[in-house]
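Treat the numbers as computed from the prediction; the structure is a model and nothing was measured. So that the names make sense, note that chain A is the first sequence line, chain B the second, and so on, each numbered from 1.
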Number of protein chains: 2
Amino acid sequence: MTRSPLTREAVLEAAAALVREHGPGALTMRRLAGELGTAVTSIYWHVGNREQLLDALVERTVQDMGAIRAAGRTPVERVVSVAAGMRRELREHPHLIGMVHERGLTERMFLPAQRALVAEVRAAGLRGARAADAVRAVQFQVVGFVLVERNRERSPVQSPGEGELWDPPQGSAADAPATAPGDPALARALARPADPERLFTLSVRALAEALLAQG
Amino acid sequence: MTRSPLTREAVLEAAAALVREHGPGALTMRRLAGELGTAVTSIYWHVGNREQLLDALVERTVQDMGAIRAAGRTPVERVVSVAAGMRRELREHPHLIGMVHERGLTERMFLPAQRALVAEVRAAGLRGARAADAVRAVQFQVVGFVLVERNRERSPVQSPGEGELWDPPQGSAADAPATAPGDPALARALARPADPERLFTLSVRALAEALLAQG
DNA sequence: ACCTGAACACCGTTCAAGT
DNA sequence: ACCTGAACACCGTTCAAGT
């Protein structure tokens, strides 16, 4: 029953499967060895230590990420479509995004998207440092949004606090300004959980509108 | 040499110190016990398991966070000042923010800031669901930005990829649109590392301008 | 060149036993 | 009510030894 000889590629494949199916927490060297039917120590020979294994894994999926193409008529709509594409790609790799983030590779991951954003920003008439700022603002916005969003999904017991907002601030100092006097629709809207999809589009569009208006 | 009896408060204090000085990774039950001069198992009696200890720790510092007051003349400037305050508070607890984030408490952490934002958004004339969207958009923007920013700081080997953007896309398909034809200032700006402080203010101001303009 | 088991230094957690 | 040590089931990593 000699197994096919272990390769670096096979190790990465098994590791990726483990992460995909059971999350990054399930990726232990010993469990991986079990999955591969080898001794733990063999893995070290092929991919170095655990940290290097994770690096390779991340590198791999970053390169697998597809290009992002703009769609829409106005530059603002095209920027929004690129942002939506970035978000979609991030969300398609729910486990990886955290690992990419921890490794500081989020920007490299979005080089193609950056290229697309540059084109749109220039089409809107922005040049030089101002154009660069606009591109970066959108990139930060998108990545940041997805990070917050993903976290929100993982721990759904978020909203209880949001209701308190409308009770009198009991323990707090009296210098807290009175807010939302007589706007029950606002209060209700904030009490409801946010619709991330809508909020995302709305935010990116607002940001893009303001930034591109300078062109 | 009988030590003063162990209390829940003492455990939390020691744990907080450990995190503050050596990061969350240093907070192990055994090391904590060592620091306190007790058996590991005593900790369990006082605070439950490690997860509950972290919960309590986070809860603690979330409540310690000060109120945030708006400053400035226009609603936009006042929103920007609140956002800056949120960012400052987050950055003052560099280790905690990750823990808060993982526990999905970021929003609760910012209830006072939300109250301030509601006031400004209403001052700009927004009402109901539209006002709620504006508030949430800013909140997401700020928290997301700080998350991305913090990650960037932790792994400074980020920029190498950004240079590649301006080389001909060698391996990539020919369908990649040509970008930034003849804008060396843009290329240079994107090659330089971003100035987060500037980018933050710029982004929040742009977002606030567009959102508040609807009022 | 590739794979192995043994060993080291860590983890979090449970539990029966002490006072 | 509070604290303890022993024990269990895990970790990542090193290393000398095998083929």
Can you list everything that forms a side chain to side chain contact (heavy atoms under 4.5 Å, CB included) with [X]? Sequence neighbours excluded, please.
{"X": "Ala71(B)", "value": "Ser81(B)"}
{"X": "Glu149(B)", "value": "Arg87(B), Arg91(B), Phe145(B), Val146(B), Glu153(B), Pro196(B)"}
{"X": "Ser42(B)", "value": "Leu6(B), Thr38(B), Ala39(B)"}

Within-4.5 Å side-chain heavy-atom neighbours: [X] and [Y]:
{"X": "Leu126(A)", "Y": "Arg130(A)", "answer": "yes"}
{"X": "Leu211(A)", "Y": "Leu202(B)", "answer": "yes"}
{"X": "Glu21(A)", "Y": "His95(A)", "answer": "no"}

* Could you measure between the two P atoms, the one in dA9(D) and the one in dA9(C), and give it in whole Å? =>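 Result for the P pair: 22 Å, nearest Å.
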* To do: Please collect all salt bridge (Lys or Arg N to Asp or Glu O under 4.0 Å) contacts where either partner lies in residues 34-44 of chain A, sequence neighbours excluded, each pair once.
  =>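 Applying salt bridge (Lys or Arg N to Asp or Glu O under 4.0 Å) to every pair that reaches into residues 34-44 of chain A, excluding sequence neighbours, yields nothing.
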* **Rounded distance in Å - CH2 (Trp45(A)) to P (dG5(C))** =>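 Trp45(A) atom CH2 is separated from dG5(C) atom P by 18 Å.
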Suppose we screen for side-chain hydrogen bond (donor to acceptor under 3.5 Å, both in side chains). Which residues come up paired with [X], at least two apart in sequence or across chains?
{"X": "Arg60(B)", "answer": "Glu9(B), Glu13(B)"}
{"X": "Glu77(A)", "answer": "Arg205(A)"}
{"X": "Gln141(B)", "answer": "none"}

* For DNA chain D, what dot-bracket results from Watson-Crick or G-U pairs at under 3.5 Å, with [ ] for crossers and | for inter-strand partners? -> ||.|||||...|||||.||
Please enumerate all protein N or O atoms sitting under 3.5 Å from an N or O of nucleotides 17-19 of chain D, with distances to 0.1 Å.
none

* Close residues, residues 9-17 of chain B, relative to DNA chain C [heavy-atom separation under 4.0 Å] ->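 Nothing qualifies; none.
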* Give a yes or no on this: more than 12 heavy atoms of other residues, nucleotides or ligands lie within 6.0 Å of atom CD of Glu197(A). =>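 No.
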* **side chain to side chain contact (heavy atoms under 4.5 Å, CB included) between Leu105(B) and Met109(B), intermediate numbers included** => CA-CA 6 Å; Leu105(B) 289 167; Met109(B) 183 177 185; 5.5 Å; no
* Kindly say if His46(A) contacts the phosphate of dC3(C), meaning a side-chain N or O under 4.0 Å from OP1 or OP2. =>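 Indeed, a polar side-chain atom of His46(A) lies that close.
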With the criterion being N/O to N/O and under 3.5 Å, what pairs connect the protein with nucleotides 11-15 of chain C, and how long is each?
residue	atom	partner	partner atom	Å
dC11(C)	OP1	Thr28(B)	OG1	3.4
dG12(C)	OP1	Met29(B)	N	3.1
dG12(C)	OP2	Met29(B)	N	3.0
dG12(C)	N7	Arg30(B)	NH1	2.3
dG12(C)	O6	Arg30(B)	NH1	3.2
dG12(C)	O6	Arg30(B)	NH2	3.3
dT13(C)	OP2	Tyr44(B)	OH	3.2
dT13(C)	OP2	Arg50(B)	N	2.9

* **With sequence neighbours excluded, residues passing ring-ring contact (aromatic ring centres under 6.0 Å, His included) with Phe110(A)** =>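 Phe110(A) satisfies ring-ring contact (aromatic ring centres under 6.0 Å, His included) with no residue once adjacent residues are dropped.
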